[in-house]
Protein chains: 2
Amino acid sequence: MPHHHNPNQNRLLAALPPQELESLLSHLQVIHLKAGEQLAEPGECLGHVYFPIDSAISLLYRLESGETAGVAVIGNEGMFSVAQALGGAAMPYWATVETSGHVFQVAADTLDEMSKCMSGLQHTLLLYAQASLTQVAQAVVCGKHHSLLNQFCQHLLLINDKSLSNDFRLTHEAIANMLGVRRETITEVAGELRDQGLIEYSRGHIKVLDRPQLEKLCCECYGVVREEFTRLLGVAQ
Amino acid sequence: MPHHHNPNQNRLLAALPPQELESLLSHLQVIHLKAGEQLAEPGECLGHVYFPIDSAISLLYRLESGETAGVAVIGNEGMFSVAQALGGAAMPYWATVETSGHVFQVAADTLDEMSKCMSGLQHTLLLYAQASLTQVAQAVVCGKHHSLLNQFCQHLLLINDKSLSNDFRLTHEAIANMLGVRRETITEVAGELRDQGLIEYSRGHIKVLDRPQLEKLCCECYGVVREEFTRLLGVAQ
DNA sequence: CATAGTCTGTACGGTAGCACACACAAATTG
DNA sequence: CAATTTGTGTGTGCTACCGTACAGACTATG
């Protein structure tokens with residue numbers, strides 16, 4: 001593992017008791033994920049588990065009609081897939097790499113075995129599962145009641161957080177899929193933010209210019225989920 | 001425990017290995033919950049855990065603005081609260097009794113201790129957590145894309161299932177809160193179904209007349225969630 | 001350098017659910 | 001049995017987002 005990638009860069013790994021992290025270390029491997037890469041499809045059982053460092057993994061539900069909606073975006077605060085910690089293996093949605101970056105990879109079997117004998121690891125993963133549940137529940141209300149502008153800002157903040165950069169590759173189309181709306185509708189709200197000088201973008205590339213203002217335009221949901229992660233998993237570094 | 005309430009009436013309890021269920025038995029108590037009763041508010045740590053028999057418990061998220069949306073309806077296929085199995089105790093939403101009925105009650109501490117030494121119990125509860133995650137994720141897409149008529153039918157089916165009756169007490173208002181829409185909008189779709197002879201209702205009382213037809217008008221979500229419960233927890237009795 | 005593919009901009013009618021307003025009837029309460 | 005509360009019915013204009021259609025601009029590829 002290259003020295004410039006410290007396990008503490010992932011919040012779940014950072015939350016582990018020192019000796020448990022130590023034993024896990026030799027099984028971790030840093031790999032790079034490319035944007036657009038598909039990590040899992042519905043019902044697929046995965047051989048590996050990923051702990052993101054500076055990449056964002058998005059979970060996307062696709063209806064029979066083809067309509068979609070994002071379930072969650074996972075970054076360095078979490079892992080994929082949480083199903084591994086719950087015993088059910090597969091999950092019924094698509095997982096794709098939203099913005100490229102690095103992750104710690106570990107074999108699913110290894111994690112399973114280790115969490116059987118490491119109470120700290122198991123406890124942490126379950127707390128993460130609960131945080132995920134809150135995250136998804138919040139997505140229900142948010143998608144139902146908050147304006148697209150609110151949701152768009154929130155999504156930008158999320159990607160901003162997880163990519164560890166103000167400047168990321170992301171198309172209107174990809175955002176539209178996650179927010180469950182048409183691409184054109186995204187173009188519209190994105191234009192608003194650009195006119196106000198909060199972001200700039202072109203052809204699959206977005207740059208955050210005024211994050212504080214984005215936070216003001218964002219709904220409560222961003223903060224609520226963040227707080228719940230803090231409550232359950234402690235403060236981020 | 002009255003003899004007419006068998007633990008097998010709750011699907012999670014029924015899934016336990018015989019000897020584990022046996023040890024749990026003496027700690028179970030059957031109680032009756034009245035519709036409208038509040039079981040938990042956001043952030044509250046509960047002293048008890050409930051395994052419904054013929055009651056429906058609804059989880060409701062309330063935004064700062066007062067708008068609401070249902071996160072899940074829990075019946076004899078599940079438990080409340082799943083947070084107890086994940087270690088984080090509190091959850092950020094309201095839990096109320098949607099339709100009255102019975103539940104098996106057990107002290108939270110007792111369940112915690114027992115699940116530490118009973119692998120079957122713990123495994124079952126975690127699989128239920130995963131199923132819940134799917135349930136909530138489905139609610140995201142469903143609320144986003146499916147017509148209110150679809151969602152209304154689904155809700156009726158769910159309550160129908162969990163109350164073990166075709167004839168339950170439920171107001172338009174309560175349904176509106178769960179589906180995150182106005183009461184008037186519910187009145188409208190309910191009227192449609194009544195005109196078609198699928199249901200009848202008056203003043204907080206709904207009767208399902210033609211369930212097969214309701215299933216046709218319902219979206220795929222009902223079946224998807226049901227299948228996932230079956231995959232993870234086996235077939236229902 | 002030409003061509004095809006990707007990404008964004010714009011426009012227009014359509015509609016589901018909204019906010020607000022109010023009428024009415026059944027059930028509960030004093 | 002009067003009075004209040006609770007639950008349902010109905011209407012009117014409004015708005016955010018949809019479906020569809022198409023045009024222009026940048027970029028990758030042969």
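All values below were derived from every heavy atom in this structure, side-chain atoms included, with hydrogens, water molecules and symmetry-related copies excluded. Within every chain, numbering begins at 1; the chains are lettered A, B, ... in the order of the sequence lines, protein sequences first and strands thereafter.
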Inset, instruction - Figure out the CD/C1' separation between B/Glu192 and D/dT8, and round it to whole Å. - result: 16 Å
Inset, instruction - Please determine if a side-chain N or O atom of A/Arg182 lies less than 4.0 Å away from the OP1 or OP2 oxygen of D/dC18. - result: yes
Legend entry - Lys/Arg N to Asp/Glu carboxylate O, B/Lys216 vs B/Asp210, below 4.0 Å: no
Legend entry - A/Tyr201 vs C/dG9: side-chain N/O to OP1/OP2 distance below 4.0 Å: yes
Inset, instruction - Measure from NE2 on B/His172 to P on C/dA25 and round the result to the nearest Å. - result: 17 Å
Legend entry - Side-chain ion pair, B/Glu77 and B/Lys162, N-O less than 4.0 Å: yes
Inset, instruction - Report the residue (A/Ser202 or B/Gly191) whose heavy-atom-nearest nucleotide on DNA chain D is the more 5′ of the two. - result: B/Gly191
Inset, instruction - Give the rounded distance in Å between these two atoms: CD of B/Glu184 and P of D/dT12. - result: 15 Å
Inset, instruction - Write down the distance between CZ (B/Arg183) and P (C/dA23), rounded to a whole number of angstrom. - result: 15 Å
Legend entry - Side chain B/Arg203 and base C/dA27 donor-acceptor under 3.5 Å: no
Legend entry - Distance-only polar pair, side chains of A/Thr96 and A/Ser58, donor-acceptor under 3.5 Å: yes
Inset, instruction - Mind checking A/Glu188 for me? I need base, sugar-phosphate or nothing, with any heavy atom below 4.0 Å counting as a touch. - result: nothing
Inset, instruction - Measure the distance from CD1 on B/Ile186 to C1' on C/dA16 and round it to the nearest whole Å. - result: 13 Å
Inset, instruction - For the pair B/Glu227 and B/Arg231, find out whether any cationic side-chain nitrogen is under 4.0 Å from an anionic carboxylate oxygen. - result: no
Inset, instruction - Mind running a 4.0 Å heavy-atom check of residues 140-150 of chain B against DNA chain C and sending the residues that fall below it, in number order? - result: B/Ser147, B/Leu148
Inset, instruction - Take the angle between the ring planes of B/His102 and B/His5 and call it parallel below 30°, perpendicular above 60°, tilted in between. - result: tilted
Inset, instruction - Counting heavy atoms from C-beta on, name the nucleotide in D/dG7, C/dT10, C/dC7 closest to the side chain of A/Thr171. - result: C/dC7
Inset, instruction - Would you kindly give the NE2-to-P distance between A/His205 and D/dA28, to the nearest whole Å? - result: 13 Å
Inset, instruction - Check whether any side-chain N or O of B/Thr185 sits under 4.0 Å from OP1 or OP2 of C/dC18, and answer yes or no. - result: yes
Inset, instruction - Answer yes or no for B/Arg194 and B/Tyr201: cation-pi contact, defined as NZ/CZ to six-membered ring centre under 6.0 Å and angle to ring axis within 45°. - result: yes
Inset, instruction - In whole angstrom, give the distance that lies between atom CD1 of B/Ile199 and atom P of D/dT8. - result: 11 Å
Legend entry - Spacing between B/Glu67 atom CD and D/dA16 atom P, to the nearest angstrom: 14 Å
Legend entry - B/Val189 vs B/Arg169, nearer the 5' end of DNA chain C by closest nucleotide: B/Val189
Legend entry - Parallel, tilted or perpendicular: rings of B/Tyr93 and B/Tyr61 (30°, 60°): tilted
Legend entry - Donor-acceptor pair (no angle test) under 3.5 Å: A/Arg194 side chain, C/dT8 base: no
